[in-house]
J.: 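The structure under discussion is supplied below as structure tokens; questions concerning it will follow.
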Amino acid sequence: MINEKKVAARAGRPRSPRVDGALLDAALEVFLERGYHSASLSEIARRAGVGTPAIYRRWRTKADVGVDVVRRQAEPAPIPNTGSIRKDLVVFMRQRIKMFSGRLFHYLLFPVVTDPGLSAKVQASFLDYRQPLETRIRAAVASGELRPDTDPARLVDMLMGSIVMPLLFSAPLPSRSDAESIVDQALEGFAARGATPRASRSRTRVSARGR
């Protein structure tokens with residue numbers, strides 16, 4: 001006869017951080033060796049030295065494992081605060097270019113983030129990733145380094161777009177030496193010096209007619 005008390009105790013025991021780490025380490029190893037689509041949960045469990053049920057107690061699907069592996073490896077470095085927003089953004093971009101150039105993001109990030117069933121989970125997992133940089137940008141606005149109408153979220157999108165777009169289209173990523181020009185162009189814009197952007201000229205003409 002099955003001892004129901006023992007079964008209940010086993011089912012309710014807390015997760016082991018050691019096993020969690022071993023599974024994520026094994027998952028990273030298998031994903032990098034075989035690629036996302038060829039990796040199997042049974043092989044991940046075998047390399048971690050546990051049974052496959054240990055995975056299903058933590059994650060429902062292989063994609064869920066992939067999201068946590070990426071999130072663990074992409075733990076953001078602290079945002080620098082040297083007093084110069086340009087210098088801080090250049091350091092940030094160099095860090096991110098180096099990180100996204102790794103094999104992990106080619107073999108794992110793309111298949112995971114392009115899975116339509118995972119979009120909400122990916123968004124929730126990485127929502128906190130951008131907050132420190134947006135906070136740093138707001139501080140630069142408050143100190144007068146950036147214009148009062150600067151949208152922190154849009155500036156982050158512009159910077160990270162220079163990395164994410166090549167990933168999505170399998171194009172070469174920018175090099176770390178490109179970080180300065182990416183930041184300068186994001187901060188200065190692309191209008192020729194002395195030229196008035198079309199939208200501004202339109203507003204000027206409207207204002208003139210209104211006088």
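Being a predicted model, the structure only gives us computed values, none of them experimental.
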J.: For Gly35, is there any backbone N or O sitting under 3.5 Å from a side-chain donor or acceptor partner on Ser38?
T.: no
J.: Compare every heavy atom of Ala179 with every heavy atom of Val90, then report the nearest pair and how far apart it is.
T.: O-CB, 3.9 Å
J.: Of all the heavy-atom pairs spanning Ile163 and Pro166, show the shortest one and how long it is.
T.: O-CD, 3.2 Å
J.: Please step through side-chain hydrogen bond (donor to acceptor under 3.5 Å, both in side chains) for the pair Asp178 and Ser181, ending with a clear verdict.
T.: CA-CA 6 Å; Asp178 293 325; Ser181 63; 4.7 Å; no
J.: Short question: side chain of Arg136, backbone of Pro132 - any donor-acceptor pair under 3.5 Å?
T.: no
J.: Locate the shortest heavy-atom distance separating Glu145 from Gly83; write the atom from each residue and the value.
T.: OE1-O, 3.3 Å
J.: Looking at every heavy atom in both Val65 and Ala27, which two are closest together, and how far apart are they?
T.: CG1-CB, 3.7 Å
J.: Could you give me the CA-CA distance, side-chain angles and deciding distance for Glu180 and Met93, then say whether side-chain contact (heavy atoms from CB on, under 4.5 Å) is met?
T.: CA-CA 8 Å; Glu180 288 193 54; Met93 288 301 293; over 6 Å; no
J.: So Thr82 and Ser84, side-chain hydrogen bond (donor to acceptor under 3.5 Å, both in side chains) or not? Walk me through it.
T.: CA-CA 5 Å; Thr82 65; Ser84 166; 4.8 Å; no
J.: Run the numbers on Val183 and Phe92 for side-chain contact (heavy atoms from CB on, under 4.5 Å), then give the verdict.
T.: CA-CA 10 Å; Val183 169; Phe92 170 84; over 6 Å; no
J.: Who passes side chain to side chain contact (heavy atoms under 4.5 Å, CB included) against Val164, sequence neighbours left out?
T.: Leu168
J.: Are the side chain of Thr150 and the backbone of Leu146 linked by a donor-acceptor contact shorter than 3.5 Å?
T.: no
J.: What are the two closest heavy atoms between Ala22 and Ala48, and how far apart are they?
T.: O-CB, 3.7 Å
J.: Going by salt bridge (Lys or Arg N to Asp or Glu O under 4.0 Å), name the pairs with one or both residues in residues 153-176, residues two or more places apart or in two chains.
T.: Arg130-Asp157
